[in-house]
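Below is one structure, written out as structure tokens; comments come after it.
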Amino acid sequence: MDFLTIIQIADSALRLATPLLLACLAGLFSERAGIFDIGLEGKILASAFFSAAVAAATGSVWLGLLAGVASSIAFSGVHGLASITFQGNQLISGVALNFFASGITILIGTAWFGLGGRTPSLSGGQRFSPVELPFANAVADVPILGPIYSDLLSGHTILVYVALLMVPLSWFVLYRTRFGLRLRAVGENPAAVDTAGVSVIRLRYAAMLIAGTLCGLAGVYLATGLAAGFVKEMSAGRGYIALAALIFARWRPWHALYATLLFGLLEAIANRYQNIDLGTFVIPVQFMQALPYILTVIILAGFGGTAVAPKAGGQPYVKER
């Protein structure tokens with residue numbers, strides 16, 4: 001494997017890890033506030049559909065972005081209403097949203113475009129274009145560093161750079177601001193936060209708003225950045241993989257980056273090497289395609305018991321009278 005091949009695989013891994021990273025950070029904020037968000041998958045799917053549909057209908061990817069993020073926030077609002085206001089079971093609410101998103105995207109897509117649930121292919125201003133970083137062409141011929149900068153770091157859509165920027169920003173918000181301190185406290189001991197005169201309900205809804213926005217960006221990127229339109233079930237379990245990455249990352253932003261890059265790398269390798277000949281036997285393409293999901297099971301089995309989730313996670317808060 002030469003250096004150029006490594007750069008190409010790393011470039012693909014970064015692109016494939018972007019929706020996982022955004023969804024993982026979305027789950028990070030919601031679960032740090034004590035809300036388990038199994039509905040990440042549904043929010044990604046809904047956002048991907050509405051962003052692609054609006055972009056196809058209007059010719060503007062930015063209007064598609066607004067529609068995708070708005071749909072994800074709406075799903076977060078429903079999840080918040082069920083689990084925070086009505087104190088329902090958070091896991092059931094999230095799973096219900098996933099089923100609802102799976103059905104409603106096909107139903108509206110078929111009625112809107114008549115293409116069996118998918119949208120027309122996007123082109124031009126209907127999808128995000130690659131962004132060339134400054135001096136990318138000038139340093140392309142520099143050994144080692146040139147290809148890393150011009151081929152690996154440059155040439156992505158703006159949402160890839162937004163996702164990478166969200167990692168230090170999320171760390172700063174959670175660990176260096178009063179809001180972040182209170183948000184983490186709500187996930188550990190909401191009664192203490194309430195005693196201090198801070199609204200637990202308001203903080204948890206704020207976390208759901210942030211989670212909806214980040215998950216919306218994940219779906220938008222999936223349909224208008226990574227792909228060129230929406231197809232049936234295109235989220236392909238990414239919401240569940242993001243939850244596994246979140247557990248692997250132990251609910252920390254920087255660790256979430258490393259975990260999602262690992263999943264992206266496995267998917268990139270699977271896409272590039274359909275069959276791997278080891279001499280005595282050949283690893284089939286089906287196994288390569290299943291690698292990210294196999295890693296998900298391994299992480300949940302190996303790290304699920306040792307990772308310590310927020311203590312108040314999954315528990316509705318009932319204010320004492």
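What you see is a predicted model, and the numbers here were worked out from it, not measured in a lab. For reference, positions follow the sequence shown, starting with 1. Hydrogens, waters and symmetry mates play no part in the numbers below; they use all other heavy atoms, side chains included.
At a threshold of 4.5 Å between non-hydrogen side-chain atoms, the residues Leu115 and Thr110 do not count as touching. No side-chain heavy atom of Ser47 sits less than 4.5 Å from a side-chain heavy atom of Phe230. Within the 4.5 Å cutoff, the side chain of Leu14 has heavy atoms near those of the Leu261 side chain. Side-chain atoms of Arg272 and Ser12, non-hydrogen and from C-beta on, never get closer than 4.5 Å to each other. Under the 4.5 Å side-chain criterion, counting only non-hydrogen atoms from C-beta, Arg178 is in contact with Arg182. In this structure the side chain of Phe128 never reaches within 4.5 angstrom of the side chain of Tyr221, judged on heavy atoms. By the 4.5 Å heavy-atom criterion applied to side chains, Tyr317 and Gln87 are not counted as neighbours. With contacts defined as side-chain heavy-atom distances shorter than 4.5 Å, the pair His255/Arg250 does not qualify.
The same ILVMFWY cluster, assembled from side-chain heavy atoms under 4.5 Å apart, contains both Val231 and Leu107. Residue Val173 is grouped with residue Leu209 when hydrophobic side chains (ILVMFWY) are merged at heavy-atom distances under 4.5 angstrom, including chains of intermediate members. Cluster membership for Val167 and Leu243, using ILVMFWY side-chain heavy atoms within less than 4.5 angstrom, is not shared. Criterion: ILVMFWY side-chain heavy atoms under 4.5 Å apart, direct or through other members. Under it, Phe29 and Tyr240 are not part of a common hydrophobic cluster. Leu45 and Leu159 fall within a single hydrophobic cluster, where Ile, Leu, Val, Met, Phe, Trp and Tyr are joined by side-chain heavy atoms under 4.5 Å apart, directly or via other members.
Side-chain polar atoms of Gln126 and Thr224 form no donor-acceptor pair below 3.5 angstrom. At a cut-off of 3.5 Å, with distance as the only test, no side-chain donor of Ser76 or Tyr205 sits close to an acceptor on the other residue.
The two residues Ala185 and Val193 make their nearest non-hydrogen contact at CB-CG2, 3.4 Å. Here the shortest heavy-atom pairing between Ile92 and Asn89 reads N-OD1, 3.1 Å. Of all heavy-atom pairs between Ala67 and Val54, the closest is CB-CG2, 3.4 Å. The heavy-atom pair separating Cys24 from Thr260 by the smallest distance is CB-CG2, 4.0 Å. Residues Tyr293 and Ala236 come closest through the heavy atom pair OH-O, 2.8 Å. Closest approach of Ile241 to Leu20, counting heavy atoms only: CG2-CD2, 3.9 Å.
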Using a 3.5 Å cut-off and no angle test, enumerate the donor-acceptor pairs between side-chain atoms of residues 31-39 and protein atoms at least two apart in sequence or in another chain.
| residue | atom | partner | partner atom | Å |
| --- | --- | --- | --- | --- |
| Glu31 | OE1 | Trp251 | NE1 | 2.8 |
| Arg32 | NE | Trp251 | O | 3.2 |
| Arg32 | NH2 | Tyr175 | OH | 3.0 |
| Arg32 | NH2 | Trp251 | O | 2.9 |
| Asp37 | OD1 | Gly39 | N | 3.2 |
| Asp37 | OD2 | Lys43 | NZ | 2.4 |

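Side chain of Arg127 to main chain of Leu122: no donor-acceptor pair is present (N/O by atom type, distance under 3.5 Å, no hydrogens or angles). Using a distance-only test at 3.5 Å, with no hydrogens or angles considered, no donor-acceptor pair links the side chain of Ser72 to the main chain of Val69.
Atom SG of residue Cys215 and atom CG of residue Leu22 lie 8.5 Å apart, to the nearest 0.5 angstrom. Here the CG atom belonging to Leu153 is positioned 10.5 Å from the CG atom belonging to Leu145, to the nearest 0.5 angstrom. Interatomic distance, Leu214 CG to Ser170 OG, rounded to the nearest 0.5 Å: 6.0 Å. To the nearest 0.5 Å, atoms CD (Gln90) and OG (Ser30) are separated by 9.0 Å. Atom CG in Leu222 sits 14.0 Å away from atom CZ in Phe49 (nearest 0.5 Å). Note that CG of Leu203 is 10.0 Å distant from CD1 of Ile84, once rounded to the nearest 0.5 Å.
Residue pairs that meet the side-chain hydrogen bond (donor to acceptor under 3.5 Å, both in side chains) test with at least one member in residues 13-28, sequence neighbours left out, are Asp11-Arg15.
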Quick one, Leu16 with Asn271, criterion side chain to side chain contact (heavy atoms under 4.5 Å, CB included). Give me CA distance, side-chain angles, the key distance, then yes/no.
CA-CA 11 Å; Leu16 294 169; Asn271 290 341; 3.6 Å; yes
Walk me through it: do Phe248 and Leu262 pass the test side chain to side chain contact (heavy atoms under 4.5 Å, CB included)?
CA-CA 11 Å; Phe248 189 38; Leu262 174 61; 3.9 Å; yes
For Ile148 and Phe3, what are the C-alpha separation, side-chain angles and deciding distance, and is it a side chain to side chain contact (heavy atoms under 4.5 Å, CB included)?
CA-CA 10 Å; Ile148 291 177; Phe3 182 68; 4.0 Å; yes
Does the side chain to side chain contact (heavy atoms under 4.5 Å, CB included) test come out yes or no for Arg204 and Val186, once each step is laid out?
CA-CA 8 Å; Arg204 286 189 166 179; Val186 164; 3.4 Å; yes
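Enclosure of atom CG in Leu165 by more than 12 non-hydrogen atoms of other residues, nucleotides or ligands within 6.0 angstrom is indicated. Phe99 CZ: 12 or fewer foreign heavy atoms inside a 6.0 Å radius. With a 6.0 Å radius and a threshold of 12 heavy atoms from other residues, nucleotides or ligands, Ile158 has its CD1 atom at or below the threshold. More than 12 non-hydrogen atoms from other residues, nucleotides or ligands lie less than 6.0 angstrom from OH of Tyr161.
Between Phe75 and Phe100, the angle of the ring planes lies from 30° to 60°, which puts this pair in the tilted group.
A salt bridge links Arg238 to Glu267: one of the charged nitrogens lies within less than 4.0 Å of a carboxylate oxygen.
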